[in-house]
> 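Questions regarding the structure given below will be posed in turn.
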Amino acid sequence: MLIVYIITLLLWFIIIVSKKQISLLEMYTTSFFALYFELICDVYLDLKYDLYGYFYKGVDWASLPIIILLYPAVNILFLNFFPFKKSFSKKMVYILISTVISVIFEWIFLKTPFLYYNGWKLWYSAVLYPFIFIILLLNFKLIRLFQKMSNPK
């Protein structure tokens, strides 16, 4: 279980020391979207269909601190280092690398009491992560559009 906390803290350390490509407001708003998106997925895939879960079946307070720290960290790192000004192929490679890293972390988390599968398969996550990252990007672009619309020059 310690590895889950170490990974989460390591991600936040990287965020703190890295050069920021996105604003604090963008980090804040996209993190809430990531948490909201994760919550919707968990309500159906975890609670309704019982395909996976955190610690124990049902609502679990023990998972809350990790979820609140982990999902925003992944979101911020993904968006902060995204190659917005690069070619389409480089963007796709970045999404694929992010997917592989996410699948590796998920596999590590499966080796701890934090995450368990009950019908879910790791390859389902591998297929879905690119779509999740694209949804995070679309939300980020929407936030930037709203910023432009509210601050006309």
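Along the sequence shown, the residues carry numbers beginning at 1.
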> Tell me, yes or no, whether the heavy-atom count around Lys90 atom NZ, taken from other residues, nucleotides or ligands under 6.0 Å, exceeds 12.
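12 or below, so no.
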> So Asn139 and Phe37, do their side chains get closer than 4.5 Å, heavy atoms only?
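Of all side-chain heavy-atom pairs linking Asn139 with Phe37, none is under 4.5 Å.
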> Establish whether Tyr28 and Ile22 are linked, either directly or via other cluster members, by ILVMFWY side-chain heavy-atom contacts under 4.5 Å.
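Different clusters.
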> So which residues get pulled into Phe131's cluster when ILVMFWY side chains under 4.5 Å apart are joined, directly or through others?
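Same cluster as Phe131: nobody, lone residue.
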> Would you check if the distance from the ring center of Phe82 to the ring center of Tyr94 is below 6.0 Å?
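Yes, the ring centres sit under 6.0 Å apart.
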> Taking CG in Leu24 as the centre, count heavy atoms belonging to other residues, nucleotides or ligands within less than 6.0 Å. Is the count above 12?
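Counting other residues, nucleotides and ligands, CG of Leu24 stays at 12 neighbours or fewer.
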> Assess the residue pair Phe114 and Ser63 against the criterion (side-chain contact (heavy atoms from CB on, under 4.5 Å)); give the C-alpha distance rounded to whole Å, side-chain angles, the decisive distance to 0.1 Å, and a yes or no.
CA-CA 7 Å; Phe114 173 66; Ser63 62; 4.0 Å; yes
> For Asp60 and Tyr56, indicate whether the former's side chain and the latter's backbone hold a donor-acceptor pair under 3.5 Å.
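Pair found, side chain donor or acceptor close to backbone of Tyr56.
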> Can you tell me how the ring of Phe78 sits relative to the ring of Phe133, calling it parallel under 30°, perpendicular over 60° and tilted otherwise?
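Because their plane-to-plane angle is under 30°, the rings of Phe78 and Phe133 count as parallel.
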> Do Phe32 and Tyr36 have ring centroids that are under 6.0 Å from one another?
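No; Phe32 has its ring centre 6.0 Å or more from that of Tyr36.
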> Going from CZ on Phe81 to CD1 on Ile15, what distance comes out if it is rounded to the nearest 0.5 angstrom?
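Atom-to-atom, Phe81:CZ and Ile15:CD1 are 8.5 Å apart.
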> If we ignore hydrogens and angles and just use 3.5 Å, is the side chain of Lys48 paired with the main-chain N or O of Asp42 as donor and acceptor?
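Absent.
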> With clusters defined by side-chain heavy atoms of hydrophobic residues (ILVMFWY) lying less than 4.5 Å apart, directly or transitively, does Ile108 cluster with Ile101?
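They do share one cluster, since a chain of ILVMFWY contacts under 4.5 Å joins Ile101 to Ile108.
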> Same cluster or not: are Leu96 and Val127 linked, directly or through other Ile, Leu, Val, Met, Phe, Trp or Tyr residues, by side-chain heavy atoms under 4.5 angstrom apart?
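No, Leu96 and Val127 fall in different hydrophobic clusters.
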> For the atom pair OG1 (Thr99) and CD1 (Ile104), what is the distance rounded to the nearest 0.5 Å?
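Those atoms lie 11.0 Å apart.
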> Should Leu25 and Ile143 count as side-chain neighbours, where that means a heavy-atom distance under 4.5 Å?
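Side-chain contact under 4.5 Å: no.
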> Please examine the side chains of Phe109 and Leu70, heavy atoms only from C-beta on, and report whether any two atoms are closer than 4.5 Å.
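The answer is yes, as the side chains (C-beta and beyond) meet within the 4.5 Å cut-off.
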> Tell me, with the steps shown, if Phe140 and Thr29 meet side-chain contact (heavy atoms from CB on, under 4.5 Å).
CA-CA 9 Å; Phe140 180 76; Thr29 55; over 6 Å; no
> Drop me the distance from Ile97's CD1 to Ser102's OG, to the nearest 0.5 angstrom.
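Spacing of CD1 (Ile97) from OG (Ser102) equals 11.5 Å.
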> Taking the side chain as every heavy atom from C-beta outward, state whether Met92 and Ile95 have any pair of such atoms under 4.5 Å apart.
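The answer is yes, as the side chains (C-beta and beyond) meet within the 4.5 Å cut-off.
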> How about CZ on Phe84, more than 12 heavy atoms from neighbouring residues, nucleotides or ligands closer than 6.0 Å, or not?
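Yes.
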> Could you tell me whether the side chain of Leu51 reaches within less than 4.5 Å of the side chain of Asn118, counting heavy atoms only?
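SC-SC contact between Asn118 and Leu51 ruled out.
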> Are the side chain of Trp12 and the backbone N or O of Leu69 linked by a donor-acceptor pair below 3.5 Å?
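Side chain of Trp12 to backbone of Leu69, a donor-acceptor pair under 3.5 Å: yes, one is there.
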> Report the C-alpha distance between Tyr49 and Tyr44 in whole Å, list the side-chain angles of each, state the deciding distance to 0.1 Å, and finish with yes or no for ring-ring contact (aromatic ring centres under 6.0 Å, His included).
CA-CA 6 Å; Tyr49 296 113; Tyr44 287 95; 7.0 Å; no
> Residues two or more places apart in sequence or in another chain: which of them pass salt bridge (Lys or Arg N to Asp or Glu O under 4.0 Å) with Asp50?
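Salt bridge (Lys or Arg N to Asp or Glu O under 4.0 Å) check on Asp50 returns Lys57.
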> When you measure from the side chain of Lys20 to the backbone N and O of Ile16, does any donor-acceptor pair fall under 3.5 Å?
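A pair under 3.5 Å: yes.
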> When you group the ILVMFWY residues by side-chain heavy-atom contacts below 4.5 Å and let the links chain together, are Ile67 and Leu9 in the same group?
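No; tracing contacts between hydrophobic side chains, which count when under 4.5 Å, never links both residues.
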> Locate the shortest heavy-atom distance separating Ala34 from Asn75; write the atom from each residue and the value.
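Shortest heavy-atom contact: CB-CB, 3.9 Å.
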> Group every Ile, Leu, Val, Met, Phe, Trp and Tyr by side-chain heavy-atom contacts under 4.5 Å, then state whether Ile6 and Tyr54 land in the same group.
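No: no chain of side-chain contacts under 4.5 Å links Ile6 to Tyr54.
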> Could you state the interatomic distance from OG1 (Thr30) to CZ (Arg144), rounded to the nearest 0.5 Å?
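Thr30 atom OG1 to Arg144 atom CZ measures 10.0 Å (nearest 0.5 Å).
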> First locate atom OG of Ser18, then atom CD1 of Ile76, and finally report the distance between them rounded to the nearest 0.5 Å.
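So the gap between those two atoms works out to 9.5 Å.
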> Measuring from atom CG of Leu64 to atom CD1 of Ile68, what distance do you get when rounded to the nearest 0.5 angstrom?
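So the gap between those two atoms works out to 3.5 Å.
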> Counting only heavy atoms from other residues, nucleotides and ligands, does the tally under 6.0 Å from CZ of Phe13 exceed 12?
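For Phe13, atom CZ is not crowded (no more than 12 foreign heavy atoms under 6.0 Å).
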> Could you give me the CA-CA distance, side-chain angles and deciding distance for Ile135 and Phe33, then say whether side-chain contact (heavy atoms from CB on, under 4.5 Å) is met?
CA-CA 10 Å; Ile135 289 168; Phe33 176 81; 3.8 Å; yes
> Any side-chain to backbone donor/acceptor pair from Glu26 onto Ser23? Under 3.5 Å, distance only.
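Indeed, once roles are kept as given, a pair shorter than 3.5 Å links the two residues.
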> Is it true that a side-chain atom of Asn80 and a backbone atom of Gln21 form a donor plus acceptor pair closer than 3.5 Å?
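Yes.
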> Are the aromatic rings of Tyr52 and Tyr116 close, with centres under 6.0 Å apart?
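Tyr52 vs Tyr116: aromatic centres not under 6.0 Å.
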